[in-house]
Amino acid sequence: MLSKRLMILLTIICFILYYTMPERIILQGKSGEKPKNYIIYSEKTSQLGKIQEKYSNQKNKNMSNNSRLTENHQMISIALSKNEAAKIKETPGIKFIEEDFNVKANSNKNNMLKNKSIHKKNSIMVKTNNSANEWNVRMIHADKTKKSSTKKRIKIAILDSGVDYGTDINIEPSNTISLIPGEEEMSPLFMDGTGHGNSVAGLIAAKDNNTGITGINPNAEIYSIRVLDDNNLSPVSRIIEGIYIAIKADVNIINMSFGMDTYSEALKQAICDAKKAGILIIASAGNAGENGVQYPAAFEEAMAVGSVEKNGNLAKSSSIGDQIEIVAPGELVRSTGIFHDEIVASGTSLATPQVTAAASLIWEKDPSVSADFVRELLNESANSYGEKQKYGNGLLDVQYALDNYESFKESYKKRNILSNQNNMTIKENKRKVISFDSTNCIEGSWTKDAHAGMLPSNRSILKKGARFPDTNKYTKGMGDNPWWHGFYTTNYIAAYIYETRLANQLQFGGTATYPIKNMQELASAIKNDINNIPWQQEFGKAPTKAQKREFVWGMAIHNLQDAFAHSTFVRNGDIWYRLKHNNNFDISCDNTAKSPERYEVARRVTNAALVKFEKSDHPSGTYNEYSAMLNIYSFKLGNIYKNISIIVGSTLAAPYLSVNYSTK
C-alpha cells in the first residue's frame, strides 16, 4: 500500500515539474543535445537585447569578454538549442538566424573583366634565384618598384592569427588586438599564436632593414585583428566582429587568408557593409582545388586570390572556380616567422597578402581614389595566360600596374561616365613570366592538415611557451602568479633566472637552484607550476626533453618582458604611477601612448634572452638581459635595483638605480 502511494506521489511531482519547468529545459531534455552557437540578425536592437537577456544563462564560448559584435547593433552570437533557434527564426523582425560555423586558415565572384583575352604563356627561366629579392617578389615584378616613403600610409587590417610587435614587421602595438576569449591581456609581443599571421603581414610590410625578408610595401600601416585561434580556426561571428572593428578603424584594405565551404548570410552582410564603407576586401580562394572557391572569397564583393608555383602554373591545391579574380605566388614562399626567424609556407594564404601589398602601393599614389579603381587596375594589369576558372584575370604584376597608373586613371574617368566597365583601358600585359628552376626555399617535412602545409617556425614551441602564462588558467593572473608575469610584488628577475635554470634541467639534468637563499616557498611554487604543465594536452603527445626545455624557456621569456606591462611606472607631472590593466585608459598598460619606448625595450630584452636560449653551451638567464632598460628615462621598473642587488650585490646593481622605482 505504501509503495502504491509513493508511486502516485512521484507521478504527481513529475507532472508538476514537466509543466512548470522552463521551456528551454524541456526542449533540451527531450533532444539531449548540447547548445550550439548561432548568429542572429534583427532590424531591431531592442529585440536582440530581449533575446540576449532571455538566453543569457547560455554563455557563448566563442566570444571574448570585451566582444564588439553587438556594436553593430543588429547582430548577436549566442548559444541555443536547435529547437530554440527554430523558434527564434519564426519570430517577426528576425532577418535571419544561422549556425556560427568555423572558418580556417588557407595556408597550403564574378570576374570584373570577363572579356579580357587570354594569350599564350611565355617564360624566362631562372636556374637558381641568387637575387637578394625573394623569387615570388621577382615573379610579380615587385622587386623593381621603389619603396615608398610617402606620409600617405594605406591602412591594412589583417584578420588572422595575430601579428607580433617587434618581429621585423611594421606595426604599432596600439594597432593590434585579440578577439580570442581569455586573451584580453595578451602582450603585443606574443600576439600571433601560430606564425600564420606573421607570415601574412611579413609579405606585406616586413621592414627593409637587412633582417629576414622585405615586404612589398614596408610603408603600409598594419592593423592586426587576431580572430584565428591557436588551431587557426575561428567562428564566423568572430570574423564578423573583426570586420566591424576594421570598418570602425577606417582602414583601406582588409586581408583575409582563411575560408570555409558554407555560405553565411551574416558574413555576407558584414562584407557588404565593409564594401559600402569604401574598403577593398582581398581574400584567399582556398586550397580546395576543384571543390571550388571558399567564402568569403566567393562573395563578389571580395577579390578571390588563387596561387601559382615557381613556374607560374596554378598550384595543385589552389581552388578553382568562376569567382577567381587574380593569382599570385603561393608555393614555398619565404616570410616572417616567430621571434625573428623565417618560415617557408604554401597556400593561397601566402598569395593573398602579395595582392594586398600591391593594392596598397597603387592606393598610395592617390588615397582619394576608390577601392573599385584599385581593384580594376590590379585586374587589367595582370598577365592573363590561363583559363579564367584557374587564373582569373591573370598573374599579379605590380610594376605593370604602377607603370600604367596614369593612363588607366584617365580612361577610368571616361569609362565611368560612359558606364562601360568591360572594355580594357590599358595595353594588354603579355610580359614573359619569370620562372624558377629552384627557389632556394627548402621544402622540409610537410604536414598536410587543415593548415595546408605550413612549416612550423624553428621557434614555434618557444612561442607556445611564451603564450602559456596568459592562456593557462593555473598560471594566469599577475596577483596569484606574479613569478610568471613580471610583477613587482615578487623578485621577477630571480624568478626569470630560476625558470631558465629549470628549463635547462629538463633537457640536460643537473640541479637548478633558486638564485636567492632561503626562498624555498617561492621556488617550490614555480617548480610546481612546471611539474603540472599538461604536456600531452599542449603537444598532443609526449614531448621530448628538448621540447620541454624550449617551452619553459618561453614561459620565462614571458615573465621577463611582462615587467614592462605590469611593473612599469610613468610620470605624470611630479607623480609616478603604475600602469595597470583597467578601464581607465589613461593609466592602462594597454595604452601604448604611455611611454611607447617600453615596447621597444621589451623587444630588445626579449632578443637578449633569445641569444642566451640559442647558445650552444646552454647558459641560464641573468639580470644582464635587462640592460636594455639602462639610459631610458620615460619610465621606470618597480624594484629593479632591489631585485638585482639581492642577487648580485649593490655594486653590480648600481647602474639600475637611475631606472628604479621603489615600491618599498
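In what follows, residues are counted from 1 in the order of the sequence shown.
Shown here are the side-chain contact (heavy atoms from CB on, under 4.5 Å) partners of Ile434, two or more places apart in sequence or in another chain: Val126, His141, Phe436. Listed by chain and number, the residues in a side-chain contact (heavy atoms from CB on, under 4.5 Å) with Asn404 are Tyr400, Ser407, Ile426 (sequence neighbours excluded). For Phe373, the ring-ring contact (aromatic ring centres under 6.0 Å, His included) partners are Tyr405, Phe408, Tyr412, not counting sequence neighbours. Considering only residues two or more places apart in sequence or on other chains, Tyr295 meets the ring-ring contact (aromatic ring centres under 6.0 Å, His included) condition with Tyr263, Phe299. Judged as a side-chain contact (heavy atoms from CB on, under 4.5 Å), and not counting sequence neighbours, the contacts of Asp437 are Met125, Lys127.
A salt bridge is absent between Lys95 and Glu265: the closest approach of a Lys/Arg side-chain nitrogen to an acidic carboxylate oxygen does not fall below 4.0 angstrom. Ion pairing of Glu364 with Arg153 is absent here, as no side-chain N (NZ or NE/NH1/NH2) approaches a carboxylate O to less than 4.0 Å. Between Lys268 and Asp273 there is no salt bridge, since no side-chain nitrogen of the basic residue lies less than 4.0 Å from a carboxylate oxygen of the acidic one. The existence of a salt bridge linking Asp230 and Lys464 is excluded, since no basic side-chain nitrogen approaches an acidic carboxylate oxygen closer than 4.0 Å. The pair Lys390-Glu387 counts as a salt bridge, with a side-chain nitrogen and a carboxylate oxygen less than 4.0 angstrom apart.
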Using the side-chain hydrogen bond (donor to acceptor under 3.5 Å, both in side chains) rule, take Glu342 and Ser335 through it: C-alpha gap first, then chi angles, then the decisive distance, then the call. CA-CA 6 Å; Glu342 295 179 7; Ser335 190; over 6 Å; no

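Residue pairs meeting the salt bridge (charged side-chain N to carboxylate O under 4.0 Å, His left out) criterion with at least one member in residues 305-318: none, sequence neighbours excluded.
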